[in-house]
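In what follows, a single structure is set out as structure tokens and then discussed.
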Amino acid sequence: PADEALLLFTKHCALCHGKDGKARTPVAKKLGVKDLTESRLPDADIEKQINQGKKGEDGKQKMPPFAGKLSPLEMKALLDVVKEFRR
């Protein structure tokens, strides 16, 4: 259900991306986190970032990888939440 997906997002993603996905948190500003409401990445790319995380141009990890930490069902739920911020 959507409530569980939102809880997942709040637990794993909101610290950086913000509860509204707009990346207005202090951590987001420090790391240059993208505003999810403006994201137009295809599903496969979003899924890849959730799985593998994201490194900056300097090679440092900016977003942690969640592969092995989340089930495939949880990954799909997070993908849906991320896409909901676009509306």
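Each residue takes its place number in the sequence, starting with 1.
- When the shell of 6.0 Å around CG of L73 is examined, it contains 12 or fewer heavy atoms from other residues, nucleotides or ligands.
- Nearest heavy-atom pair across L15 and V27 is O-CB, 4.1 Å.
- In this structure, the side chains of N51 and P65 stay at 4.5 Å or more apart for every pair of heavy atoms.
- The 12-atom threshold is exceeded at NZ of K69, counting heavy atoms of other residues, nucleotides or ligands nearer than 6.0 Å.
- In this structure, the side chain of E74 engages the main chain of S71 through a donor-acceptor pair within 3.5 Å.
- The CD atom of Q49 sits 6.0 Å away from the CE atom of M63 when rounded to the nearest 0.5 Å.
- Across all their heavy atoms, L78 and C13 have their closest contact at CD2-SG, 4.0 Å.
- Between A77 and A5, the shortest heavy-atom distance links the atoms CB-CB, 3.7 Å.
- When all heavy atoms of T10 and A14 are compared, the pair lying nearest together is O-CB, 3.6 Å.
- The aromatic rings of H17 and F9 sit tilted, their planes meeting at an angle between 30° and 60°.
- Expressed to the nearest 0.5 Å, how far OG1 of T25 lies from NZ of K19 amounts to 12.0 Å.
- The minimum heavy-atom distance linking F85 with T37 is given by the pair O-CG2, 3.3 Å.
- L8 places none of its side-chain heavy atoms less than 4.5 Å from the side chain of V81.
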**Item:** Worked verdict on R24 versus D35 for side chain to side chain contact (heavy atoms under 4.5 Å, CB included)
**Value:** CA-CA 8 Å; R24 294 184 184 148; D35 180 340; 5.7 Å; no

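- For the pair H12 and L70, the minimum side-chain heavy-atom distance is below 4.5 Å.
- Residues K62 and L31 come closest through the heavy atom pair CE-O, 2.8 Å.
- Under the 4.5 Å side-chain heavy-atom criterion for ILVMFWY residues, no single connected hydrophobic cluster contains both V33 and L79.
- Annotation: side chain of S39 is in contact with side chain of R86 (closest heavy-atom distance under 4.5 Å).
- With values rounded to the nearest 0.5 angstrom, R40 atom CZ is found 10.0 Å from I46 atom CD1.
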